[in-house]
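Remarks on the structure that follows.
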Amino acid sequence: MPTEIERKFLPRDASWRPYATARSLLRQGYLANNERCSVRVRVAGGDVGWLSVKAMTPGMARAEYEYPVPLAEANAMLDALCARPFIEKFRHIVPWHGHDWEIDEFLGDNAGLVVAEVELDDVGEVPEMPPWTGREVTDDVRFYNFSLAERPWPSFREAFLREAGNQESA
């Protein structure tokens, strides 16, 4: 079974920007989302879209299946079948000590949120952390894209920042 292993962090600041080597605009929506899996359509420029099925298990390792879809069909699915709001973001690629970090700078309903992800080959792998890496949110389901589509960042931002402040002072 194909498995995606990734860790998610909130960057401390924007000091990652000078290291970014690529940027693309992503637009994605959800065809289905339940307690077992989510089904996503994504367009990221180019001439192809992607259909992804992801297990809803929390943590850094989740089953994931991805299939290319003709761009016109992916756009048609986004426009006609996906729930709103869409997830829209700029994805920046930041190489750091053997890993390509993906820094997602959210737009639209999630504007203001920036999340850094690193994909790993094994759950035991420990990547070298860039100095801009902040609080880890890998296990916080609120930061999964399907959750952000249903409950955007502004709806829980203040509560999250209060929780984070309380945990740091404990």
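For the pair Pro127 and His97, the minimum side-chain heavy-atom distance is 4.5 Å or more. Residues Leu10 and Leu113 are in side-chain contact: their nearest non-hydrogen atoms beyond the backbone lie under 4.5 Å apart.
Hydrophobic cluster membership of Ile103, counting Ile, Leu, Val, Met, Phe, Trp and Tyr whose side-chain heavy atoms lie under 4.5 Å apart directly or via other members: Ile5, Phe9, Trp16, Tyr19, Met60, Val94, Trp96, Trp101, Val114, Val118, Leu120, Val123, Met129, Trp132. Taking a 4.5 Å side-chain heavy-atom cut-off between Ile, Leu, Val, Met, Phe, Trp and Tyr, the cluster of Leu107 extends to Leu25, Phe90.
Each salt bridge (Lys or Arg N to Asp or Glu O under 4.0 Å) pair with one or both residues in residues 45-59, not counting sequence neighbours, appears once here: Glu4-Lys54, Lys54-Glu64.
Between Glu88 and Gly108 the shortest heavy-atom distance is OE1-CA, 4.3 Å. Pro152 and Asp109 get closest at one heavy-atom pair: CB-O, 3.4 Å. When all heavy atoms of Ala74 and Gly49 are compared, the pair lying nearest together is CB-CA, 3.8 Å. Contact between Ala44 and Leu26 at its shortest, heavy atoms only, is CB-CG, 3.9 Å.
Looking at residues two or more places apart in sequence or on another chain, you find a side chain to side chain contact (heavy atoms under 4.5 Å, CB included) between Ala159 and Arg162, Glu163. Every side-chain hydrogen bond (donor to acceptor under 3.5 Å, both in side chains) that Ser15 has, sequence neighbours left out, goes to Asp13. In this structure, Arg62 has no side-chain hydrogen bond (donor to acceptor under 3.5 Å, both in side chains) partners at least two apart in sequence or on a different chain. Glu119 pairs by the salt bridge (Lys or Arg N to Asp or Glu O under 4.0 Å) definition with nothing, not counting sequence neighbours. Here Arg12 pairs with nothing under the salt bridge (Lys or Arg N to Asp or Glu O under 4.0 Å) rule; sequence neighbours left out. Listed by chain and residue number, Ile93 satisfy the side chain to side chain contact (heavy atoms under 4.5 Å, CB included) test with Ala22 (two or more places apart in sequence, or in another chain). Applying the side-chain hydrogen bond (donor to acceptor under 3.5 Å, both in side chains) criterion to Glu117, with sequence neighbours excluded, gives Lys8. Asp140 meets the side-chain hydrogen bond (donor to acceptor under 3.5 Å, both in side chains) test with Arg142; sequence neighbours excluded.
Hydrophobic clustering (side-chain heavy atoms under 4.5 Å, transitive across Ile, Leu, Val, Met, Phe, Trp, Tyr) groups Val43 together with Met77. Transitive grouping of hydrophobic side chains (ILVMFWY, heavy atoms separated by less than 4.5 Å) brings Leu161 and Leu148 into a common cluster. Linking Ile, Leu, Val, Met, Phe, Trp and Tyr residues whenever their side-chain heavy atoms come within less than 4.5 Å leaves Val39 and Trp50 in two separate clusters.
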Check: Which is it for Val41 and Leu51 under the side chain to side chain contact (heavy atoms under 4.5 Å, CB included) test, yes or no, and what are the steps along the way?
Finding: CA-CA 5 Å; Val41 176; Leu51 185 64; 3.8 Å; yes
Margin query: Let's go through Glu105 and Arg17 carefully: what are the C-alpha distance in whole Å and the side-chain angles of both, what is the deciding distance for salt bridge (Lys or Arg N to Asp or Glu O under 4.0 Å) to 0.1 Å, and is it a yes or a no?
Written below: CA-CA 11 Å; Glu105 194 171 18; Arg17 284 189 186 281; 2.3 Å; yes
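Counting only distance, with no hydrogens or angles, the side chain of Asn110 and the backbone of Trp153 share a donor-acceptor pair below 3.5 Å. In this structure, Ser147 contributes its side chain and Val141 its backbone to a donor-acceptor pair below 3.5 Å.
Interatomic distance, CD1 of Ile87 versus CZ of Arg40, reported as 10.0 Å (0.5 Å rounding). Separating the NE2 atom in His99 from the CD atom in Glu6 is a distance of 12.5 Å, to the nearest 0.5 Å.
Salt-bridge check for Arg7 with Glu125: failed, with every basic side-chain N at 4.0 Å or more from each acidic carboxylate O.
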Show me the donor-acceptor pairs within less than 3.5 Å that the side chains of residues 27-34 make with the rest of the protein, sequence neighbours left out.
residue	atom	partner	partner atom	Å
Arg27	NH1	Asn75	OD1	3.4
Arg27	NH2	Asp79	OD1	2.7
Gln28	OE1	Arg42	NE	2.7
Gln28	OE1	Arg42	NH2	2.7
Gln28	NE2	Tyr30	OH	3.2
Tyr30	OH	Phe146	N	3.2
Asn33	ND2	Glu150	OE2	2.6
Asn34	OD1	Arg36	N	2.7
Asn34	OD1	Cys37	N	3.0

